[in-house]
2 protein chains.
Amino acid sequence: MRKEAMERRNEILDAADELFGQKGFDGTSTNDILEKVGIARGTLYYHFKSKEDIMDALIERYNTQILGSAKEIASNKNIPVHERIVRVVMALNISGGNGKEIIDHIHKPQNALMHQKIQKVIINGLPPILTEIIREGIEQGLFSTPYPYECMEMIVAYTNTVFDDDMVDLTDEERAARIPAFIFNVERLLGVESGSLMYMMKMFGNGGED
Amino acid sequence: MRKEAMERRNEILDAADELFGQKGFDGTSTNDILEKVGIARGTLYYHFKSKEDIMDALIERYNTQILGSAKEIASNKNIPVHERIVRVVMALNISGGNGKEIIDHIHKPQNALMHQKIQKVIINGLPPILTEIIREGIEQGLFSTPYPYECMEMIVAYTNTVFDDDMVDLTDEERAARIPAFIFNVERLLGVESGSLMYMMKMFGNGGED
DNA sequence: CCTAACTAGACCGACAGTCTGTCGATAAAA
DNA sequence: TTTTATCGACAGACTGTCGGTCTAGTTAGG
């Protein structure tokens, strides 16, 4: 019955993760979590100070998972710049083997608050990582912009809102139509010739969040 | 005591509007609303089927207020294109005399769900309006882009996320630094010469949401 | 024309059920 | 013995429901 604090904590987080995914944050009661983990009320509140505290811990976990592998790839200067951008972005969807599921279930309409918090992590965490790569690209004469950070911020804000979110309800065709337009716009922002970033299409390959 | 259904409905919405603004959606109990309006529980649920139903009605109201005046200005072809864009955007902040307050109190951290719903209205409602103006501008040779809609979508997504939201925590200086960068990026997206949209600075004038 | 019966819409408030967070007691480990 | 983890009863709050009430207006009958 008795476990190390960290172990219990993670059990609780695992249960919450799954339940929030199924029923949303508001739709999940602490009792649901209690039952799933097989502990008593007091135990839950021994490890977490509130229900929202559980969510925050969960987000902290996501944060690490999602941005961690992205950072790692971004810092590998052996990979050519273009390739590295693609890999960083694609890492977001599958990082830790379950990034995609994370992103999937965050998009449940019930999870407004969690969703917002994750978005915040991404919009603040991803642009710095990408900007570093872009700067390298600028040095190499691949890109040209006086505002690499703000460029990345704009791009991330857009993909977060339009591609990742259910903010804009896109049919498959609408979605497909957005992609070349998006790439065209990115090309302009980065000051490169039209068509030269078409290789980025592959980032939107299957299902293609981000 | 007895009122027309519509009048009561509006009284309830007015109270909810103010209370949600002060304490957030979750932080406001139906009892708070009851008390403020001076009605009984049953009356509230006679007019609205749930608490969330109240929020949805509130958003419908915002929707009309915020996008209504924007549309009106956008369709006035007597105003030159550049000027009209500025006016449309500025209308968002003050429409109906209280658009600004709406936007202000939606940004309270408690109001994630309401915030999300409003964002959805804007990201879906504003780009079509702006795109029409941009198309006119393209015909007049002022702008040049094959993807006016997606441009506007990107711009709106960005301002919503970075300028309007508390997604990115900006100091005043950071905020000020973002503005020229933003304008530069918009210039690139719209295919105009660098510096030619600097007049848009004024949209960010005082406090400057959007 | 007047009044009694009726109707439907607005309103009331007690109540059931649920949910979160607390607390003192308890057991196990260190 | 002290610390760490666990338990479960409980207080307090909140949402949505339901049977019943009140009133304005309408219809019917005298």
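Throughout, protein chains are lettered first and strands after them, A, B, ... in sequence-line order, and every chain is numbered starting at 1.
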When you measure from the side chain of [X], which nucleotide among [options] comes out closest?
X	options	result
Arg41(A)	dC10(D), dA14(C), dA10(C)	dC10(D)
Ala40(A)	dC7(D), dA14(C), dT6(D)	dC7(D)
Thr43(A)	dT6(D), dT15(D), dA5(D)	dT6(D)
Arg2(B)	dG16(D), dT6(D), dT23(D)	dT23(D)

Q: On DNA chain D, check which nucleotide each of Glu52(B) and Ala5(A) is closest to and give me the residue with the more 5' one.
A: Ala5(A)
Check the distance between [N]'s [atom2] and [X]'s [atom1] and give it to me in whole angstrom.
X	N	atom1	atom2	answer
Glu35(B)	dA13(D)	CD	C1'	14 Å
Asp26(A)	dG16(D)	CG	P	12 Å
Phe48(A)	dT22(C)	CZ	P	15 Å
Ile39(A)	dA28(C)	CD1	C1'	17 Å
Arg9(A)	dT6(D)	CZ	P	13 Å
Leu44(B)	dC18(D)	CG	P	16 Å
Arg8(B)	dA24(D)	CZ	P	14 Å
Ile33(B)	dA13(D)	CD1	C1'	15 Å

Q: Specify the residue among Asn31(A) and Gly42(A) whose closest nucleotide of DNA chain C lies further upstream toward the 5′ end.
A: Asn31(A)
[X] side chain near [N] phosphate (N/O to OP1/OP2, under 4.0 Å):
X	N	value
His47(B)	dG9(C)	no
Tyr46(A)	dT6(D)	no
Tyr45(A)	dT22(C)	no

Is a side-chain donor-acceptor pair under 3.5 Å present for [Y] with [X]?
X	Y	answer
Thr43(B)	Arg8(B)	no
Tyr45(B)	Asp53(B)	no
Asn76(A)	Arg87(A)	no

Q) Under 4.5 Å between any side-chain heavy atoms of Tyr149(B) and Arg178(A), yes or no? A) yes
Q | Over all atoms of both residues, closest heavy-atom pair of Phe20(A) and Met114(A) | A | CB-CE, 3.9 Å
